[in-house]
Asks: 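Quick one: this structure, given as structure tokens, is what I'll be asking you about.
Computed from a prediction, not measured in an experiment: that's the story for all the values here.
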Amino acid sequence: MSQKLTTEYSPETRLAQALGYVDDSTQGLVPPIYTSTTYLRDEDNQYRSGRVYSRADNPTYSPVERVLMSLEQGTDALLFSSGMAAATAVFQGLPAGSHVIAPTVMYWALRAWLLNWGRDWGLRVSFVDTSDITAIEAAVIPGETALIWLETPANPLWGVSDIAAISELAHHHGAKVAVDSTVATPLLTQPLSLGADYVMHSATKYLNGHSDVIAGALITRSVDPIWEKIRMVRKQGGAVLSPHDANQLLRGMRTMHLRVRESCQSAQWLAEQLQQCADVAQVLYPGLPDFPGHAIAAKQMQGGFGGMLSIRLQGGEQSAIQTAARTQLWKRATSLGGVESLIEHRASIEGPDTPVPSDLLRLSVGIERKEELLADLLQAFAAAQ
Ligand code: PLP
């Protein structure tokens with residue numbers, strides 16, 4: 001296998017060509033899918049190929065992981081069977097009893113995992129507003145805080161955390177920083193170059209982009225003891241991606257720059273239009289100049305502020321639910337980052353202990369024509385009256 005395009009080429013070119021992938025044995029431009037679960041031992045009982053069993057690794061992952069390493073400027077990458085498997089592997093890579101800091105408002109299933117499994121398993125978790133560095137500083141227990149987990153922009157209020165400043169603070173206290181960069185994508189933000197130690201993606205979202213693969217990824221700045229542990233968590237816990245899905249993921253990634261660019265432009269435009277709309281009480285989007293965190297987002301996001309926004313409706317919860325019920329183009333479904341636009345009443349899915357306001361709709365902006373997306377929302381507002 002050869003993948004020669006280095007960072008002297010743009011991320012767009014590296015993505016489109018999967019780093020210039022050429023199969024050494026066939027000259028194929030698309031990587032093969034390796035389905036073998038097991039590998040032949042040498043006659044003298046060695047495993048010189050380095051491969052034994054595909055719960056540890058699968059050669060189908062390599063071209064995908066190399067593209068991710070290149071985009072995120074990391075030294076190693078691991079694919080997982082889901083974003084949750086990738087995220088929880090980071091926490092499982094910490095010594096039992098570690099103190100960790102995580103955002104008060106974050107991807108709800110990971111928050112739930114930290115509150116349940118994480119705490120049962122001995123993690124001490126402090127939830128703080130990570131857009132406020134003084135709140136983080138107050139929560140750090142010097143010598144005991146092992147990890148600060150960030151998600152930026154964070155679901156579903158899109159709060160922004162200052163990766164560079166928080167990484168400096170964390171490292172001063174001997175803690176690591178991991179960033180769920182799913183919404184920012186590797187194109188808009190590179191957390192490792194801002195000082196973070198690990199980056200996580202739900203590859204289910206923008207990386208794959210077509211709502212047909214569940215996958216996760218981690219990329220590390222260096223191969224440290226926590227990373228070695230994370231690799232063991234994947235190998236022994238077995239949350240491995242199917243080789244077919246790994247191959248399909250790479251196919252999706254090759255057009256990510258086009259999809260993300262379109263989604264960002266449409267989301268920015270929709271946010272501005274919706275701000276003028278009498279039915280909308282508030283638009284939450286990091287690209288709006290009056291959004292708290294806009295200045296930090298402008299500093300650490302290049303080329304757009306992402307394809308995700310939320311709106312709060314003047315008519316409250318019922319109006320939000322009715323609006324989602326009346327859209328034609330926007331699909332009423334959970335998830336994000338696909339080519340089709342999705343609308344979701346977030347509080348309904350997150351349950352009673354959610355910090356999300358009940359009048360909020362989360363919008364994942366796809367790549368349809370933006371004027372048609374706006375028109376659909378406007379007719380849904382009118383029909384929900
Ligand atoms: N992180 C974020 C920001 C997400 O939106 C999601 C899924 O919605 C996840 C992590 C979990 O990813 P997965 O569904 O691939 O397990």
Side-chain angles (χ1 to χ4, degrees), residues 81-88 102-119 125 127 149 151-159 180-184 200-216 263 267 270-271 274 279-286 306-366 373 376-377 380-381 384:
S81 58
S82 69
M84 277 299 287
T88 55
T104 316
V105 181
M106 62 187 291
Y107 174 57
W108 71 291
L110 184 58
R111 180 167 157 273
W113 185 90
L114 287 169
L115 280 167
N116 299 309
W117 291 99
R119 281 188 173 155
V125 191
F127 290 100
W149 181 270
E151 179 183 334
T152 182
N155 262 289
L157 308 181
W158 316 117
D180 180 341
S181 201
T182 299
V183 169
M200 176 253 151
H201 290 281
S202 166
T204 312
K205 317 298 182 193
Y206 292 99
L207 289 172
N208 179 60
H210 294 77
S211 308
D212 54 8
V213 168
I214 296 274
S263 291
L270 284 166
L274 290 166
D279 296 295
V280 177
Q282 194 185 7
V283 180
L284 304 171
Y285 184 62
M308 297 301 300
L309 65 142
S310 294
I311 51 177
R312 299 186 64 184
L313 294 192
Q314 291 287 10
E317 179 174 5
Q318 274 320 306
S319 171
I321 292 171
Q322 290 299 320
T323 297
R326 283 168 171 73
T327 53
Q328 307 290 323
L329 270 183
W330 295 80
K331 298 290 179 248
R332 227 170 10 265
T334 197
S335 199
L336 58 99
V339 289
E340 65 287 296
S341 294
L342 304 181
I343 188 165
E344 187 178 33
H345 182 246
R346 224 24 228 175
S348 295
I349 195 154
E350 295 198 10
D353 70 339
T354 177
V356 176
S358 63
D359 58 5
L360 181 139
L361 289 173
R362 187 180 82 169
L363 305 178
S364 170
V365 181
L373 291 173
D376 189 38
L377 284 175
F381 294 151

Asks: Report the C-alpha separation of Phe381 and Val280 in whole Å, then their side-chain angles, then the decisive distance to 0.1 Å, and conclude whether the side chain to side chain contact (heavy atoms under 4.5 Å, CB included) test is met.
Replies: CA-CA 9 Å; Phe381 294 151; Val280 177; 3.8 Å; yes
Asks: What is the minimum heavy-atom distance between Ser348 and His345, and which atoms define it?
Replies: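 Reported closest heavy-atom pair: OG-ND1, 2.5 Å.
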Asks: Side-chain contact test, heavy atoms from C-beta onward, threshold under 4.5 Å: evaluate it for Ser181 versus His201 and give yes or no.
Replies: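 A side-chain contact under 4.5 Å exists here.
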Asks: Between Val283 and Leu270, does a side chain to side chain contact (heavy atoms under 4.5 Å, CB included) hold up when you go through it step by step?
Replies: CA-CA 10 Å; Val283 180; Leu270 284 166; over 6 Å; no
Asks: Please test Leu336 against Leu342 for side chain to side chain contact (heavy atoms under 4.5 Å, CB included), starting from the C-alpha separation and ending with a verdict.
Replies: CA-CA 7 Å; Leu336 58 99; Leu342 304 181; 5.6 Å; no
Asks: Roughly how far apart are Arg326 CZ and Asp376 CG, rounded to 0.5 Å?
Replies: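 Going from the CZ atom of Arg326 to the CG atom of Asp376 covers 12.5 Å.
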Asks: Using side-chain hydrogen bond (donor to acceptor under 3.5 Å, both in side chains) as the criterion, list what pairs up with Ser310, not counting sequence neighbours.
Replies: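 If we apply the side-chain hydrogen bond (donor to acceptor under 3.5 Å, both in side chains) test to Ser310, skipping adjacent residues, the hits are Trp158.
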Asks: Rounded to the nearest 0.5 Å, how far apart are OG1 of Thr182 and OH of Tyr107?
Replies: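 Between Thr182 OG1 and Tyr107 OH, I get 9.5 Å after rounding to 0.5 Å.
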Asks: Contact between Leu274 and Leu363 at the side-chain level, heavy atoms closer than 4.5 Å - yes or no?
Replies: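 Result yes, sub-4.5 Å side-chain heavy-atom pair found.
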Asks: Give the minimum heavy-atom separation between Leu114 and Val125, together with the two atoms involved.
Replies: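 In this case the closest contact between Leu114 and Val125 is O-CG2, 4.1 Å.
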Asks: Between Glu317 and Pro357, is any pair of side-chain heavy atoms under 4.5 Å apart?
Replies: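 Heavy-atom side-chain distance check fails, nothing below 4.5 Å.
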Asks: Are Ile311 and Leu284 close enough that some pair of their side-chain heavy atoms sits under 4.5 Å apart?
Replies: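 With C-beta onward as the side chain, the pair stays apart.
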Asks: Which heavy-atom pair separates Ala320 from Ser358 by the least distance, and what is that distance?
Replies: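 Distance-wise, the nearest heavy atoms are CB-O, 4.3 Å.
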Asks: For a quick test of reading the model, state the closest non-hydrogen atom pair linking Lys205 to Ser335 and the distance between them.
Replies: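 Distance-wise, the nearest heavy atoms are NZ-OG, 2.9 Å.
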Asks: Determine yes or no for a side-chain-to-main-chain donor-acceptor pair under 3.5 angstrom, with Ser364 supplying the side chain and Gly337 the backbone.
Replies: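 Side chain of Ser364 to backbone of Gly337: a pair is present.
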Asks: Please check: side-chain N/O of Ser341 versus main-chain N/O of Gly366, any donor-acceptor pairing under 3.5 Å?
Replies: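 A pair under 3.5 Å: yes.
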Asks: Are Ser211 and Glu340 linked by a side-chain donor-acceptor pair shorter than 3.5 Å?
Replies: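 Present: a donor and an acceptor within the cut-off.
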Asks: Strictly by salt bridge (charged side-chain N to carboxylate O under 4.0 Å, His left out), give each pair with a member in residues 345-355 just once, sequence neighbours left out.
Replies: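 Checked against salt bridge (charged side-chain N to carboxylate O under 4.0 Å, His left out) - neighbours excluded - the pairs reaching residues 345-355 are Glu344-Arg346, Arg346-Glu350.
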Asks: Partners of Thr152 by side-chain hydrogen bond (donor to acceptor under 3.5 Å, both in side chains), sequence neighbours excluded?
Replies: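 Once residues adjacent in sequence are excluded, Thr152 has no partner under the side-chain hydrogen bond (donor to acceptor under 3.5 Å, both in side chains) criterion.
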Asks: For a 4.5 angstrom cut-off between non-hydrogen side-chain atoms, does Arg111 reach Phe127?
Replies: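 Arg111 vs Phe127: side chains touch.
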Asks: Who are the salt bridge (Lys or Arg N to Asp or Glu O under 4.0 Å) partners of Arg312, not counting sequence neighbours?
Replies: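 For Arg312, the residues satisfying salt bridge (Lys or Arg N to Asp or Glu O under 4.0 Å) (neighbours in sequence not counted) are Asp359.
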Asks: Could you walk me through whether Trp330 and Thr323 pass side chain to side chain contact (heavy atoms under 4.5 Å, CB included), step by step?
Replies: CA-CA 10 Å; Trp330 295 80; Thr323 297; over 6 Å; no
Asks: What's the separation between atom CG in Leu360 and atom CG in Leu157, rounded to the nearest 0.5 Å?
Replies: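 Answer rounded to 0.5 Å: 6.5 Å.
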Asks: Identify the heavy atoms of Thr327 and Ala324 that sit nearest to each other, and give their distance.
Replies: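 Looking at all heavy atoms of both residues, the shortest contact is OG1-O, 3.2 Å.
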Asks: Has Tyr206 got a side-chain atom pairing as donor or acceptor with Ala184's backbone, closer than 3.5 angstrom?
Replies: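 No: the side chain of Tyr206 does not pair with the backbone of Ala184.
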Asks: Restricting to side-chain hydrogen bond (donor to acceptor under 3.5 Å, both in side chains), what partner residues turn up for Asn155, sequence neighbours left out?
Replies: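 Counting only residues at least two positions away or on another chain, Asn155 forms a side-chain hydrogen bond (donor to acceptor under 3.5 Å, both in side chains) with Glu151, Arg362.
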Asks: Is a donor on one side and an acceptor on the other found under 3.5 Å between the side chain of Asn208 and the backbone of Ala203?
Replies: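 Not confirmed, Asn208 side chain does not pair with Ala203 backbone.
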Asks: Holding to ring-ring contact (aromatic ring centres under 6.0 Å, His included), I want the full list of residues that pass it with Trp149, two or more places apart in sequence or in another chain.
Replies: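 Here the qualifying residues are Phe91.
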Asks: Give the minimum heavy-atom separation between Val183 and Pro153, together with the two atoms involved.
Replies: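 Looking at all heavy atoms of both residues, the closest pair is CB-O, 3.9 Å.
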Asks: Spell out, as yes or no, whether a donor-acceptor pair under 3.5 Å connects the side chain of Thr204 to the backbone of Ala215.
Replies: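 The answer is yes, because a donor-acceptor pair under 3.5 Å joins these two groups.
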